[in-house]
Each structure stands twice: as structure tokens, then as C-alpha cells.
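All remarks here apply to the structure that follows.
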Amino acid sequence: MEISLVCYQSISLDKIQNSFRFPSSIHEVFRTKPLFSDYCFRFNRRKCGNPCDKIKCFSLEQGLQPRRPKPKPSRNTDSDLKETEETHVKRPSVGICSQIEKLAFCNRYREALELFEILELEGGFDVGLSTYDALVSACIGLGSVRAVKRVFSYMISNGFEPDQYMSNRVLLMHVKCGMMVDARSLFDEMPERNLVSWNTIIAGLVDVGDYFEAFRLFLLMWEFSDCGSRTIATMIRASAGLELISVGRQLHSAAVKFGVGEDIFVSCALIDMYSKCGSIEDAQWAFDEMPEKTTVGWNSIIAGYALHGYSEEALSMFYEMRDSGVKMDHFTFSMIIRISSRLASVEYAKQVHAGLIRHGFGLDIVANTALVDFYSKWGRVEDAKHVFDRMPCKNTISWNALIVGYGNHGWGAEAVELFEQMLREKMRPNHVTFLAVLSACSHSRLFERGWEIFQSMSRDHKIKPRAMHYACLIELLGQEGLLDEAFALIRGAPFKPTANMWAALLTASRVNVNLELGKYAAEKLYGMEPEKLSNYVVLLNIYHQSGKLKEAAGVLQTLRRKGLRMLPVCSWIEVNKQSHVFLSGDKSHVQTNEIYEKVDSLVHEISKHGYVPKEKTLLPDVDEQEQRILLYHSEKLAVAFGLINTMKGSPLQIVQNHRICNDCHNAIKLIALVTRREIVVRDASRFHYFKDGSCSCGDYW
DNA sequence: TTAGGGTTAG
């Protein structure tokens, strides 16, 4: 495979260093939030000498009460205070404490916390700093809010007075377990803060997506304290989150200025930031500048190319990474599986699957979820189910991947059953789960069940249906011929109907050949998406199906006037590790004659099973060339080529850059029946699966 | 001194 790698030298080190105007450029972050900007820059050193005082000032300005140290909770009442003072001497607990430390050291956090229960229940033990440190590690390892509350409350009731190190560890414990409100209180009330304290709270804010607050604290820190490479790396991540490349560039220049431009963490954050901000060239530059290319560096640049849709380049980088001898990790495999699902064949993915297991990441939740998605997308639902069943732990995303697989495979009832099993296993569904299950109902025409599930969304699961859920239901109503109800659903939606919803109604109108409603929906769509070709094409089809050829020709003229043209559509098939690409009506392939003869004989064969070839003329002004294009669509040519050049009975996989048309859909369904082949036709957003004459098709949103 | 940072799946 010939792969060209995009690599531009658009920035240089000198340019970066000389463009330093930090931190004034950070104002840009707050441009959309002037409130922050106001109070960020109003203060000066003279007014509030200590950043901690400044934070108090912020709180006061916002009408908040200054925070007072929380009274230490005590299990004792005033009446037994005397008794407590008398029994103040703490019991030694060397055995339990050292056991807790050992368990935490071996990552056996759950057991460490089970042992901690003895300390909690009996009380009065002399617990040392190293044990508290181990308990903090256990809480972070488990990410359990309940554990954090238990440990923290024990620290307070046991009169633990943390030093700077332990204060930071306790802060980190809250941050890592997502308890940002408590973490912020702890940070504000810290008697002393050092670089680690600042980095911890700022990184926590960035983790939860509170970028503005992160920048606000960063500016305070910038003014009063030194910030290291870790801080810069975190703020580069915040710039990526805000998609503000100019701010990211300034942080890049700050890093170079302070001599941390080649720091591993800064470099990786830069690669990620540049690619997320839309400049893959700069990301590549940052990667090239890395003195030592680490696993994360490679992962970041591969993720960058994948994000921009440069799947081949991403794969090429993966080969380079593998050849360079750098260790691949579960991030690498997760990404490669995802890239494979867009680009490569099932065989290739199986190799990646084997590599995943060989490298010891066979149980990784993310990589396995990517595999479930991959096999689902390629119509290998049994394989997807196999991977899913062997996963030691699953999350909502894993369940969603398989429900989508079932739905698109045409197994609507099974998708609904899986959804119900998910609920029984107390896994919380999210809006994607509902999209998957409603879509499954739509494809399998399970109207009653779909309607019930749609209603249960807000009633039982407190998830507000979004436009795509409405679009699914409109499609479902359309299939039942309930166009009035579908229209009523659009009008009754609690938000302004989106293009997707009108498009669903337009499709429903086409299916039911309702010209009036179709025109209405199309007009709405023209207003919203005047340049979208497919909207015109659907209306054109409605006119055509209603026998209104003159109006259909009028739509075609509008298309021409607007300069909207069909992009060249093509289909390709991989045979013997070589891709063969076909355009509609294409006569450039060396086996052209054989392929066209095969198409003709297949059409003849399937016409015995009820296939009616598309009418010879769609519109009055279709010329001979266009006619050939209409009769020999690229997917038919690819299927014919596949049947000629592959073993009898082996499955065929066709990939294409467009949606399959109804004619090819019907034709290939029957071809699968008469040739007893399994045929998967797929494009980037949907696939059509044919086996023994049955078919399923679907969308991925 | 310890502690804090970068990349992945539906």
C-alpha cells in the first residue's frame, strides 16, 4: 500500500520563541466569559499579596461567605469529653497498618479498605502517615467516593494533622475521585500551597472540563509562583479542550522560553492540542521535534491522524511505531482497532485482535469495546457477542456497541432483549443506548416496543429525548404509515425541529408516497440546509414516484443552477489483499467484459425471483452514458467482480463512499440468496448485510 | 525527598 504522509514545516523553533506574549494572550480564553476576565485581572500584587488571599477576595466578590475551617467532627458529646481526654493514649496498630500498606502497595485496594474497617470500627488506633498514604492510594485506585468519605472522616476524627505532602495527597484523593467541590474547599483552606497543590487542583479542573476556572487559577499561579512543565502540559490540554490554538501556541512558546519545550509530557500535550485544534501539520511538527519518541507520543500522533480521518496515515504511523521497537500499549491497540473498522478488512482486524491478546491487553475494556464495535460494523455479530461475553467487566459503552450491532444486523428483538438485560444488570443506559435501541426497533419495525422505550426515556430514566431520538421515532411512525402522528410528533417536540427530524419525515413521506407532506418537509429542509444534495434528491424521487416527471426535472434544474453535483461514487472490494475500485458504469477494469457479463447473468437469474430492473429512463433528459451508470452501479460491479474472483461460498465485503440505492439493495439481497453468499455492503456511516436472501440495513449516528 | 502531568472505545 502506497501511503503519503503529510508533513509540513509550518512553524519553527525561532518563530515560537519570538512569538512569546504570554500571559496576556490568555485573555482570549476569557473573551467569551468577560465575568472571569474582569475579576482575573482586576487584582494586583499590592492589593492581594498572596494568591490565597486573592481566592478569598474572589469568593467575597461573588457574595460568598469566607470559608471557615470546618469544626472537626467528634463522635463524643460534651458529657463524655472528660472520658475522652482520659483515654487519649492511642493503641498501637502496627500489624493492621503494615498489612494495609502492603496490600495497597500490591494494588489490592479493596482488601486494604476492608482491613481499614477494623480501624474504623474499633477506633483509637495510632495510625501513621504511611498508612494514611496507603489508604489514599487505595481510594484513588478504586475511584470510590464512599471510600474517600470514609478515609477522610477517619482522618478528621482521629485528629490527623497532615503535612504539606499529605495535604496534597488528600487533595489528589478528592480530585481523582471526581469530588471537585470538596477538593476546591480543601485547596482554598490549605494553610500552605506548593507547586504540587496548584498542579493537582488545576489538573482536576481540566479533567472535569472546567477550563475557564483552570485558566483563572493558572493565571494566579503564574503571577505568584513558578510553574513547571507539568503545569504547562496541563494548560496545553485545557487549550485543546477549548479548541483555542492561539492560546495553545502561546503555551508552546512559554514552554520553549522556559526550557521545557522538549519535555515528554509537554510534547505529547502539544501533539494532542495541535491535532484537536485542527492543525495536524503542527502536531506532526511537534512529534518530529520530540527528542525521544515515547509510546504516548506515538499514540498521540496516531490519534491525531485518526481524528482528522487520515486513517491510512494513522496506520502508516502505527507500522513505523511497531518497527521502531517502542512498546505498544492498550491505547495503541484500541486506536488501531477503531482505525481498522474504517479502513481495513476483517482479516486485518483479526490480526490486531490476536496482537492485543499476545501483548497482554486481552482484558482491556476500551480495546474490547472497540472490537465489539468493529465486529458489529462488519456484520460479524457472533464475533462481537463472543468478545462481549468474554469481557471481565463492561460499561455502558460496551453494552451500547453490542446493541448497535444487533440493531444494525436486523436483530431488533435481540437488541431490545439485550437492552432489557442491561437494565436488569443495573447498568445505567445513556442517550446513545436509547438511540441504539430505538434505531434497532426502527430497522426491525418493532413499533409498539419502540414507542414504549421512547416514553420510558424521560419517565423512568430521566433522560430527555434528543432530536435524533425523535428522528428515530418519526422513522418508526413512517414505517407504520402513521404520517399524521409523525408530523404531530415534530410539532409537539419541546425544541425547534432539527434538519434530522425533517429529513426523517421527508423519508417517511417518500416511503408512503405523500407528495404534500414531502414537499412541506423538503421546503423546511431547504431553508436549513440549502446546499445539501440529498434533500433535493429525496424530493426528486417523490416527484418521480408520483409520476410528476416535469416537477422532478424542475428539481434537477435547481440542482444544476445551484451547482450541486453528485460526487463520483465508488465501491471497492479487497480480493487477495488487493483493493479493486469501481465507479458506476466504469469500464476501466481489466476484467470489464467478464464483470459486465456476470452482472447481466445475475440480473437475469434474480429476475426469476421477482427482481424488476430499474426503469431505463429515470428522467426525460438522461443520456446513454448516464443510463449505463444507472444500470451498472458500482456496488453491482464490485459484487460481480467478487463472485468471479473468490472461492465459492466465501463471504464478500464491499466498501463504498455512498449510501446503497434501493435498486442495488434489492438486487444484492437476491444475489446473496441465489449464490448462497454472505455479502456485506458498507460505507462510513451505515452497512447493509445480506445472507440467504434476508437483509438488514442501518445507520450509525 | 516523597506527591502533581501527556494518549484510547459507543
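A, B, ... follow the sequence lines: proteins, then strands. Residue 1 opens every chain.
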Between the base of [N] and the side chain of [X], is one N or O donor paired with an acceptor at under 3.5 angstrom?
{"X": "A:Asn395", "N": "B:dA9", "value": "yes"}
{"X": "A:Thr294", "N": "B:dG6", "value": "yes"}
{"X": "A:Ser300", "N": "B:dG6", "value": "no"}

Within the pair [X] and [N], is there a side-chain N or O less than 4.0 Å away from OP1 or OP2?
{"X": "A:Lys293", "N": "B:dT7", "answer": "no"}
{"X": "A:Arg338", "N": "B:dA9", "answer": "yes"}
{"X": "A:Arg237", "N": "B:dG6", "answer": "yes"}

Between [options], which nucleotide has the shortest distance from any of its atoms to the side chain of [X]?
{"X": "A:Phe331", "options": "B:dT7, B:dG4, B:dG5", "result": "B:dT7"}
{"X": "A:Asn194", "options": "B:dA3, B:dA9, B:dG4", "result": "B:dA3"}
{"X": "A:Lys176", "options": "B:dG5, B:dT8, B:dA3", "result": "B:dG5"}
{"X": "A:Ala303", "options": "B:dG6, B:dA9, B:dT8", "result": "B:dT8"}
{"X": "A:Met335", "options": "B:dT8, B:dG5, B:dA9", "result": "B:dT8"}
{"X": "A:Val432", "options": "B:dT8, B:dG4, B:dG10", "result": "B:dG10"}
{"X": "A:Asp207", "options": "B:dG6, B:dG10, B:dT7", "result": "B:dG6"}
{"X": "A:Lys276", "options": "B:dA9, B:dT8, B:dG6", "result": "B:dT8"}
{"X": "A:Ser334", "options": "B:dT8, B:dG4, B:dG6", "result": "B:dT8"}
{"X": "A:Asn299", "options": "B:dT7, B:dG6, B:dA9", "result": "B:dT7"}

Indicate, with a heavy-atom threshold strictly under 4.0 Å, whether [X] touches base, sugar-phosphate, or nothing.
{"X": "A:Ser197", "result": "nothing"}
{"X": "A:Asp272", "result": "sugar-phosphate"}
{"X": "A:Leu195", "result": "base"}
{"X": "A:Leu371", "result": "nothing"}

Distance, rounded to the nearest Å, where [X] contributes [atom1] and [N] contributes [atom2]:
{"X": "A:His330", "N": "B:dT7", "atom1": "NE2", "atom2": "P", "answer": "12 Å"}
{"X": "A:Asp329", "N": "B:dG6", "atom1": "CG", "atom2": "C1'", "answer": "12 Å"}
{"X": "A:Phe333", "N": "B:dT8", "atom1": "CZ", "atom2": "P", "answer": "17 Å"}
{"X": "A:Leu251", "N": "B:dG6", "atom1": "CG", "atom2": "C1'", "answer": "14 Å"}
{"X": "A:Leu270", "N": "B:dT7", "atom1": "CG", "atom2": "P", "answer": "12 Å"}
{"X": "A:Asn368", "N": "B:dA9", "atom1": "CG", "atom2": "P", "answer": "14 Å"}
{"X": "A:Ile403", "N": "B:dG10", "atom1": "CD1", "atom2": "C1'", "answer": "10 Å"}
{"X": "A:Tyr305", "N": "B:dT8", "atom1": "OH", "atom2": "C1'", "answer": "19 Å"}

Problem set entry | Test item: A:Val372 and A:Ser376 side chains (from C-beta on) under 4.5 Å apart, heavy atoms | yes
Measure the acute angle between the ring planes of [X] and [Y], then classify it against the limits of 30° and 60° as parallel, tilted or perpendicular.
{"X": "A:Trp411", "Y": "A:Tyr406", "value": "tilted"}
{"X": "A:His353", "Y": "A:Tyr375", "value": "tilted"}
{"X": "A:His469", "Y": "A:His431", "value": "perpendicular"}
{"X": "A:Phe333", "Y": "A:His359", "value": "tilted"}

Exercise. Between A:Ser167 and A:Arg193, do the side chains contain an N or O donor and an N or O acceptor separated by less than 3.5 Å?
Worked result: no
Problem set entry | Under-4.0 Å salt bridge between A:Lys394 and A:Glu425 | no
